[in-house]
Amino acid sequence: MIEGREVEFKPGENLIEVAKRAGVEVPYFCYHPGLSVVAQCRMCAVEVGMPGKDGNIQMMPKLQTACSTPPADGMHVKTKTDRVLQNQKSVMEFLLINHPLDCPVCDKSGECDLQDNSYKHGDAHMRTTEERRTYVDLDMGPVIKKNMNRCIHCTRCIRFGDEIAGIREMVAIQRGNNTEITTIDGRDLETEYAGNYADICPTGSLTLKDFRFRKRAWMLKKTQTVCEGCARGCNIELHHESDVIYRTIPVTNMEINKHWICDEGRFNYHYVHDSARVTEPALAKSGALSMTTWKDAILSVRESLKGKKIAVLVGADMTQEEATLLLDLSKQKLGGAPVYQFGTQGVETAAADAAADALLKRKSKTANLHGLEKLGIAPFASLPAGTQAVLLVRGGRAQLPSLSGVQVYGLGVFTRDEAAKFECVLPGQAFAEKAGTIVNFQGVEQKFRRAVTPPRECKSLSETFMMWTNY
Amino acid sequence: MSQSETIFIQHHRDEAKGLDYYLTQMSGYEAAKKALAMTPDAIIDEVKKSNLRGRGGAGFPTGVKWGFIPKQSAKPKYLVCNADESEPGTFKDRDIMRYTPHLLIEGMVIGAHAIGAHHGYIYIRGEYTREAKILNAAIDEAYAKGYLGKNILGSGFDFDLTVHRGAGAYICGEETALLNSLEGKRGEPRVKPPFPAQSGAFAGPTIVNNVETLAAIPHIVTRGGEWFSKLGKIEKSGGTRLVSVSGHVKKPGVYELPAGAMTIRQIIYDVCGGVLGDKKLKAVIPGGSSAPVLTADELDVIYDIEPLMKIGTMLGSAALMVVSEDYCTVKLIKRITKFYAHESCGQCTPCREGCKWMEDILHRIEDGHGREQDLNLLLDIADNIGGKTLCALGDAAAGPVSSFVKKFRADFEAHIRGGKCPSA
């Protein structure tokens, strides 16, 4: 019984989770569903009672932390009594004694547990006149910016390193009021999952250097999609505004990525806005690519492919829909040209894709190797003898195969350097600019969703083929 | 003072620490021999009968605690002796270890047999360098004579004992922080449950007992639980207590008194010769610095667990600290609070933030920069810490502050209004 509502529970759940399911919010800081329970912040303390021998409910004399209390049959939980509310108020007061009120310049502002809980459960007035505790900050490497003054000592970061990332690199030093959360010997973070430290930090103590001072959290629009960084397909949310992506955060999916993503996937989005990306149709003229119109480009490509022996290479970063289109195109318009897929050197087949570390990463560095294999597209090894031209279709992430002695016609996302030797580039869309299906290593079909509109003249594969057919 | 039987104090002499003395003048491992022939249940029953209650501070019945250990366990069980003795004012365990180390070792052999542990640790306060040396020497002697190690006294029972020295943290006297420290981790209390009896040292079922508690065991085995129980002069508490008396008394020191035999007034004036310089008594801290303070009007209380609890304080580790009339209570509580702020492990919010806040406020008041509203603020903060923390350290810090502010409010007000300490 939580707040008078009868609630079912499963073994292993705690009162926070059970209450959440019943629509009752129990505020907390140190608890995290993906980490061990330490009951340190004391914010989630509630009143708990059990039926006594006479059948009446006997409330426990002390408040119990909901995070560390397993539910039991007949248990009664009260989350809104005066004692509970007073405790929340006092925990908020304690946490704010030393917390700087720098929300206006803090990147966490707007999505900060401390801010939210302070607003909901704290007191608007401060009773402390003492000087605030301050720390000298240290550099923790390229991913995370630390601001110890904002820390509320929840130790989520310590537990994340220890229990999830598999590296004990965050520790508490000193004790009591002087406790400092830091890396061992002040070293740089080593884990390839460091971005998660910023996600789980309930305040602005650990923030992403990549996102620092770039956008207020409440300005961001959010699109839930799937990471294209490897064959796992971690669920993510792209945060963007005015067609600019500012960051990637993980979305909990217990079957696929739990609560986490790796740094490679987190920062993968940068190529979408790369200034070196070819975003206009371009044709090779006297040894260099030069911009042109879609019509000129299509007409020129169509003309120049006429009568040539063609092969189609499709990146394993393309979606099922795009690959199906390509199969149709090669059959109907390219005289049955063979279609091969490419993605990660050394991981050409689904069978070669394996776990790359103990947590999330897969060896296949593209999202849809397993899907393309399902469509029956063979891995690329070498071009059939006599091949004169290659239609190279790629989403932006597949590693380009080395091709020589053939004309290459690029279709998709390329940088100017990658396309330097191409006959043409027909600019396509990156994962954040399109919708489509990909299949992860477990065989789970997931969808890319469009977060931002493609830049300049970048067009979808279907639109490109429409022009190919109709011009 | 009536002549009552003592079991410890008559042996608190330098020559007692060797095995020879122990074999001739004390139990001499005869109790261990007897216990090893008994079933574990029989020992636990005898200890239950003795009404021996933990001498570390919580006063939990030892036999009941031992009964919590599961009979079968996939993981090894451990017996840990808490020799951290970190509560300010307490120095009784030091005497046991210094003078009668074999009594503790024998108690641990018996305790280990009772709970089925084959490895024990004595977690000793880091500052007790001399005592650690004495214990190690005694352990070596015991190993040499077959009182420790494999097949003790031919009984087939194996028990190894290791002395582990702490590094000076008060919190490592809290049993789960002690276990963390023992395992080489940061000395922070663990979330309970699970209690150590289910998952303690190295995740094995573990019993943590105080030095004095374990040292009482050989006596109980030799002379019976009933005899020990009758040494106590109050219901529920058996045996004698070693009381550490310090502060402004004529004869400070460790005294052995039957549990519940005397009032605080009798201890101070009859046993310890009264207040130093025959001054008036101002305050008594009855159970180590974490016990709420008593005033001169509250001395006629029987010095044991329940009577003290009834008047809102506690026996704790039986460390009586006497304060005479010319000592500033504000200075005293500030010093105590500074200790707890310094010793807070920093894990949980109310203790980490609240103790230092109280210290800062008390510091201000002592310096004459206090404000009228500070006193209610202090009471409020203490209230917000007490009972809300992960372990008992929060209560240990909050209890004294509220008791001092409530009982000596006039002293605080004098500091605030006068802008300085009136006695300065």
Side-chain angles (χ1 to χ4, degrees), chain A residues 14 28-31 36-45 60-65 67-70 83-84 86-99 114 123 126-133 151-155 158 162 168 171-181, chain B residues 167-172 177 185-194 338-364 369-371 373-374 376-378 380-395 397-398:
Chain A
N14 66 15
Y28 58 83
F29 292 107
C30 68
Y31 171 68
S36 64
V37 168
V38 289
Q40 285 178 181
C41 73
R42 316 307 288 175
M43 188 67 182
C44 69
M60 293 189 198
K62 280 187 182 180
L63 296 177
Q64 303 292 313
T65 44
C67 66
S68 63
T69 307
R83 277 173 76 205
V84 172
Q86 171 55 33
N87 178 65
Q88 291 168 354
K89 219 161 118 174
S90 93
V91 170
M92 283 315 309
E93 180 176 44
F94 285 137
L95 288 176
L96 292 177
I97 293 174
N98 285 303
H99 189 82
L114 190 67
D123 200 315
M126 286 192 71
R127 296 187 292 178
T128 166
T129 52
E130 270 57 52
E131 220 170 88
R132 282 190 168 84
R133 170 184 65 212
C151 179
I152 59 167
H153 303 84
C154 73
T155 71
I158 297 177
D162 224 9
R168 190 177 180 84
V171 289
I173 58 167
Q174 306 293 335
R175 69 176 181 213
N177 201 255
N178 299 318
T179 304
E180 182 174 355
I181 311 292
Chain B
Y170 171 77
I171 193 61
C172 290
K185 296 176 183 156
R186 198 173 148 83
E188 287 176 339
R190 299 174 181 173
V191 185
K192 284 161 279 185
K338 182 179 176 160
F339 173 80
Y340 287 108
H342 183 65
E343 294 294 344
S344 163
C345 80
Q347 253 194 119
C348 78
T349 308
C351 179
R352 177 185 65 242
E353 305 292 341
C355 294
K356 181 67 167 53
W357 193 10
M358 292 196 300
E359 183 203 334
D360 287 346
I361 295 170
L362 287 165
H363 186 84
R364 229 180 34 220
H369 303 300
R371 299 162 306 194
Q373 66 264 36
D374 281 342
N376 287 338
L377 180 57
L378 276 174
D380 209 32
I381 298 171
D383 234 24
N384 288 339
I385 299 173
K388 314 272 187 356
T389 50
L390 189 69
C391 77
L393 196 146
D395 303 294

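Fair warning: this is a prediction, and the values are worked out from it, not measured in the lab. Lettering follows sequence order; numbering is per chain, from 1.
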So which part of [X] gets closer than 4.5 Å to some heavy atom of chain A, the side chain, the backbone, both or neither?
| X | answer |
| --- | --- |
| B:Arg190 | neither |
| B:Glu343 | both |
| B:Arg352 | both |
| B:Asp380 | side chain |

Check this for me: B:Lys338, atom NZ, are more than 12 non-hydrogen atoms of other residues, nucleotides or ligands nearer than 6.0 Å?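 12 or below, so no.
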
Between [X] and chain B, which part of the residue has a heavy atom less than 4.5 Å away: side chain, backbone, both or neither?
| X | value |
| --- | --- |
| A:Ile173 | backbone |
| A:Thr155 | neither |
| A:Val171 | neither |
| A:Ala45 | neither |
| A:Ser90 | both |
| A:Leu95 | both |

Residues in side chain to side chain donor-acceptor pair (under 3.5 Å) contact with B:Glu353, at least two apart in sequence or another chain: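 Side chain to side chain donor-acceptor pair (under 3.5 Å) check on B:Glu353 returns A:Asn98, A:Arg133.
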
Name the member of A:Glu93, A:Gln64, A:Gln86, A:Gln40 that forms the most heavy-atom pairs with chain B at distances under 4.5 Å.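 The candidate making the most pairs under 4.5 Å is A:Gln40.
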
Residues forming a ring pair (Phe, Tyr, Trp, His ring centres under 6.0 Å) with B:Tyr340, sequence neighbours excluded: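 B:Tyr340 satisfies ring pair (Phe, Tyr, Trp, His ring centres under 6.0 Å) with B:Tyr170 only.
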
Return the option, out of [options], with the maximum number of heavy-atom pairs under 4.5 Å with chain A.
| options | value |
| --- | --- |
| B:Gln373, B:Glu359, B:Arg364 | B:Arg364 |
| B:Ile381, B:Asp383, B:Thr349 | B:Thr349 |
| B:Leu390, B:Ile361, B:Val191, B:Leu393 | B:Leu390 |

Looking only at non-hydrogen atoms, find the nearest pair between B:Pro350 and B:Ile385 and report the distance.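 Between these two residues, the closest heavy atoms are O-CG1, 3.7 Å.
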
